[in-house]
Amino acid sequence: MTNVADYSEKIPNNVELREDRRLQRALESWQPNFLNWWESMGPTLPTQDVYLRTAINVGRQGWAHFGHVAMKDYRWGIFLAERDADRRIGFGEHKGEPAWQKVPGEYRAELQRLIVIQGDTEPASVEQQRNLGATAPSLYDLRNLFQVNVEEGRHLWAMVYLLHAYFGRAGREEAEELLHRNSGSEDAPRILGAFNEETPDWLSFFMFTYFTDRDGKYQLGTLKESAFDPLSRTCEFMLKEESHHMFVGTTGVDRIVERTVGVMLEKDTDDVAGYGVIPLDAIQKYLNFHYSVSLDLFGGETSTNVANYYTAGLKGRWSEERRKDDHRLTDDSIMVDSLIDGDIGQTEVAALIGLNTDLRREYISDCRNGVNRWNKILDEAGLQRRLRLPSVAFNRKVGAFAGIEATPDGQKLSPDEWQRRKGEWLPTDVDKTHVRSLMRPVHERGKIASWIAPPRNGINNQPFDYDYVHLP
Ligand code: BYC
């Protein structure tokens with residue numbers, strides 16, 4: 001394995017693919033299927049070329065190259081972070097043993113399942129975002145959308161490599177299935193709920209990249225701890241790419257809030273829908289939606305699956321090595337959110353079965369940073385109004401609160417009351433229609449739509465008015 005990606009190969013890689021002819025042939029026969037999928041399910045807006053980042057090196061410095069590339073010529077490759085020959089398992093019953101370079105027979109099914117679930121989300125997000133190019137607010141944003149899309153495509157490659165290289169025929173079949181399931185499909189939907197929701201407008205896109213990509217960050221962070229070393233190294237490199245996706249979300253919402261606040265001050269009213277921007281109420285409702293569906297992605301508050309994954313060494317905790325405990329957790333407990341006699345409360349459970357909750361808490365505290373940041377914009381403008389994260393019980397479809405309805409403050413509601421009032425907290429048809437009415441493309445260099453402020457900086461030190469995308 002080298003740090004440097006070999007682009008002379010049909011499938012660029014740093015895993016010495018040419019040394020394993022069978023694997024190389026198998027992946028080369030999957031490649032046209034991937035390209036067909038990209039053609040039929042990927043971005044719909046035709047472009048000449050896009051200023052994209054391509055991975056060239058997995059080392060600490062200078063890992064990416066920027067340049068204008070025709071989307072169909074983008075080189076999706078397989079890159080694993082450097083191998084540490086002495087790496088040891090950091091948690092669970094195999095703690096201290098050498099990390100695995102092969103899949104142990106007894107954990108084959110579970111590992112495959114985790115890799116398939118992870119892999120399924122990557123193409124799903126591309127499918128969800130495929131029509132957004134047609135309404136991009138600027139060339140800068142259009143370029144960022146495509147950057148996110150090609151990298152999600154690469155993350156699919158990352159998981160397909162593992163399936164092909166380590167899971168035999170079953171793995172190859174799963175790799176095919178990853179291209180057959182589609183976001184929102186009636187017959188063959190994507191596995192996890194949030195990946196079957198639409199991303200029909202750019203406010204949704206920024207909320208998705210803020211909240212849902214952040215779930216990706218946390219899940220990849222736990223898989224980076226895995227005893228299965230190739231999975232760990234794959235995820236480590238994916239996390240590097242992932243940070244730009246969240247940057248897109250964070251700054252996208254910043255820029256929307258900034259623009260809305262500007263018009264609120266100028267017109268001295270909260271009721272700014274008529275002035276071509278998105279009112280704070282609508283921003284809060286979109287936030288409520290994307291946050292709550294992303295909380296569902298962590299699974300149940302208690303889960304024997306996650307306890308087994310941890311004990312076996314397949315999936316660790318966020319920042320496993322920084323935790324000050326025995327990394328086995330067989331005698332520990334944790335408080336988890338739960339329904340107690342029908343009310344929202346907390347219960348103490350064995351730490352191992354509460355690990356989904358542990359991860360979700362890390363995620364929630366990270367989500368707060370964004371909200372604080374957006375609130376700072378409101379504060380600095382002298383406005384009283386604040387955005388906030390809704391209660392963990394709000395709008396949940398998975399876990400302890402799936403069977404109840406609650407307000408963003410965590411007050412339980414009867415099903416009737418929920419039906420009557422949910423439009424106060426989740427985007428209504430009126431909100432969605434307003435947001436969509438603003439989604440008119442601005443594909444002219446240096447120009448930007450009315451509802452969003454320009455970014456403070458361009459990409460790779462280029463100015464905002466750089467020709468990030470050439471349209472036909
Ligand atoms: N929707 O035992 P439980 C990303 C199922 S995002 C539908 O609590 P567990 C990205 C569950 O499968 C990160 N079904 O679940 C972001 C189980 O089914 P079975 C993706 C769900 O296993 C943006 C049952 O309910 N990566 O990378 O502890 C753009 C009981 O659940 C859902 C991963 O998720 C749901 N939301 O935890 C691009 C990492 N949740 O066994 C990319 C891999 C649960 O009864 N996956 N179920 O048939 C995992 O670690 C775990 O499987 C989960 C679930 C955290 C997803």
Side-chain angles (χ1 to χ4, degrees), residues 1-42 52 54-58 63 65 69-83 100-103 108-109 111-127 149-182 190-191 220 223 226 228-238 240-241:
M1 220 264 341
T2 66
N3 273 350
V4 182
D6 181 354
Y7 273 87
S8 68
E9 298 278 326
K10 202 161 167 190
I11 302 171
N13 70 89
N14 73 344
V15 294
E16 279 148 21
L17 201 52
R18 71 167 72 206
E19 306 287 306
D20 186 342
R21 291 283 174 200
R22 239 180 105 184
L23 175 61
Q24 188 179 30
R25 270 201 303 277
L27 285 164
E28 283 179 2
S29 72
W30 186 81
Q31 191 174 34
N33 301 347
F34 169 83
L35 293 171
N36 281 340
W37 166 81
W38 179 266
E39 275 298 306
S40 59
M41 299 306 291
L52 292 174
T54 306
I56 46 165
N57 189 312
V58 296
W63 65 275
H65 162 83
V69 188
M71 292 276 270
K72 65 174 177 32
D73 297 334
Y74 189 79
R75 304 293 308 281
W76 285 276
I78 299 165
F79 310 116
L80 271 58
E82 253 173 297
R83 181 168 164 200
W100 312 322
Q101 299 308 325
K102 293 255 171 308
V103 179
R108 205 174 176 80
L111 261 176
Q112 183 175 308
R113 180 169 187 269
L114 286 171
I115 292 168
V116 166
I117 296 179
Q118 180 62 48
D120 192 68
T121 63
E122 314 288 1
S125 67
V126 176
E127 293 164 357
N149 292 162
V150 292
E151 283 172 354
E152 298 302 7
R154 208 202 66 72
H155 291 179
L156 170 61
W157 270 97
M159 293 301 123
V160 164
Y161 165 70
L162 295 177
L163 290 170
H164 272 231
Y166 298 97
F167 294 89
R169 186 212 283 229
R172 290 194 292 278
E173 285 170 6
E174 289 288 3
E176 285 302 319
E177 288 307 307
L178 287 170
L179 299 175
H180 290 150
R181 282 187 294 273
N182 288 144
R190 292 296 175 183
I191 299 171
L220 290 173
L223 297 176
S226 183
F228 179 42
D229 203 42
L231 174 61
S232 162
R233 285 163 45 213
T234 301
C235 291
E236 187 176 336
F237 187 63
M238 289 164 76
K240 227 174 199 173
E241 294 169 313

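These numbers were taken from a predicted model, which means no experiment stands behind them.
- Scanning all heavy atoms of the two residues, the minimum distance from Gly119 to Leu178 falls at C-CD2, 3.7 Å.
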Open item on the list: Please evaluate residues Ile11 and Gln24 with respect to the criterion side chain to side chain contact (heavy atoms under 4.5 Å, CB included), reporting the C-alpha separation (whole Å), side-chain torsions for both, the decisive distance (0.1 Å), and the verdict.
Closed with: CA-CA 8 Å; Ile11 302 171; Gln24 188 179 30; 5.8 Å; no

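- Across all non-hydrogen atoms, the minimal contact from Ala175 to Leu163 is N-CD1, 4.1 Å.
- Every residue two or more places apart in sequence or in another chain that forms a ring pair (Phe, Tyr, Trp, His ring centres under 6.0 Å) with Tyr166 is listed here: Phe228.
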- Query: Going through the checks in order, is the side chain to side chain contact (heavy atoms under 4.5 Å, CB included) test met by Asn13 and Leu27?
  - Reply: CA-CA 12 Å; Asn13 70 89; Leu27 285 164; over 6 Å; no

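- Across all non-hydrogen atoms, the minimal contact from Leu162 to Pro230 is CD2-CB, 3.8 Å.
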| said: Could you go through Ser8 and Arg18, starting from their C-alpha distance and side-chain angles, then the distance that decides it, and tell me whether this counts as side chain to side chain contact (heavy atoms under 4.5 Å, CB included)? | reply: CA-CA 11 Å; Ser8 68; Arg18 71 167 72 206; 4.2 Å; yes

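- What you find for Val126 and Gly153 is that their closest heavy atoms are CG2-N, 4.3 Å.
- For Arg154, the salt bridge (Lys or Arg N to Asp or Glu O under 4.0 Å) criterion is met by Glu241, not counting sequence neighbours.
- Remark: Met159 CE to Thr234 OG1 distance equals 5.5 Å, nearest 0.5 Å.
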Item to complete: List the steps and the verdict of side chain to side chain contact (heavy atoms under 4.5 Å, CB included) for Ile56 and Tyr7.
Response: CA-CA 8 Å; Ile56 46 165; Tyr7 273 87; 4.2 Å; yes

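- Residues passing the side chain to side chain donor-acceptor pair (under 3.5 Å) test with Glu174: none are found, sequence neighbours excluded.
- In this structure Arg108 satisfies the side-chain contact (heavy atoms from CB on, under 4.5 Å) test together with Val103, Phe167, sequence neighbours excluded.
- Contact between Gln112 and Gly171 at its shortest, heavy atoms only, is OE1-N, 4.3 Å.
- For Glu177, there are no salt bridge (Lys or Arg N to Asp or Glu O under 4.0 Å) partners two or more places apart in sequence or in a different chain.
- Under the rule for a side chain to side chain donor-acceptor pair (under 3.5 Å), the partners of Asp120 that lie at least two apart in sequence or sit in another chain are Arg181, Arg190.
- To the nearest 0.5 Å, atoms CG (Leu179) and CE (Met41) are separated by 10.5 Å.
- Shown here are the side-chain contact (heavy atoms from CB on, under 4.5 Å) partners of Ile117, two or more places apart in sequence or in another chain: Arg113, Ile191, Leu192.
- Residue His65 holds its NE2 atom at 6.0 Å from OG1 of Thr54, rounded to the nearest 0.5 Å.
- Here Arg75 pairs with nothing under the side chain to side chain donor-acceptor pair (under 3.5 Å) rule; sequence neighbours left out.
- Note that CG of Asp229 and CG of Leu80 are 8.5 Å apart. Values are rounded to the nearest 0.5 Å.
- Residues Ser226 and Leu111 approach most closely at OG-CD2, 4.5 Å, considering heavy atoms.
- Scanning for side-chain contact (heavy atoms from CB on, under 4.5 Å) contacts around Asn36 gives an empty result, with sequence neighbours left out.
- Put simply, the side chain of Met71 reaches to within 4.5 Å of the side chain of Leu52, judged on heavy atoms.
- Here Glu151 pairs with Arg53, Gln147, His245 under the side chain to side chain donor-acceptor pair (under 3.5 Å) rule; sequence neighbours left out.
- Trp38 meets the ring pair (Phe, Tyr, Trp, His ring centres under 6.0 Å) test with Trp76; sequence neighbours excluded.
- With sequence neighbours left out, the side-chain contact (heavy atoms from CB on, under 4.5 Å) criterion links Glu176 to Trp30, Asn33, His180.
- Distance check, rounded to the nearest 0.5 Å: CD of Glu236 to CG of Leu231 gives 11.5 Å.
- Looking only at distances, no side-chain donor or acceptor of Asn149 sits under 3.5 Å from a matching main-chain atom of Glu152.
- We find the CZ-CZ distance between Arg233 and Arg83 to be 6.5 Å, quoted to the nearest 0.5 Å.
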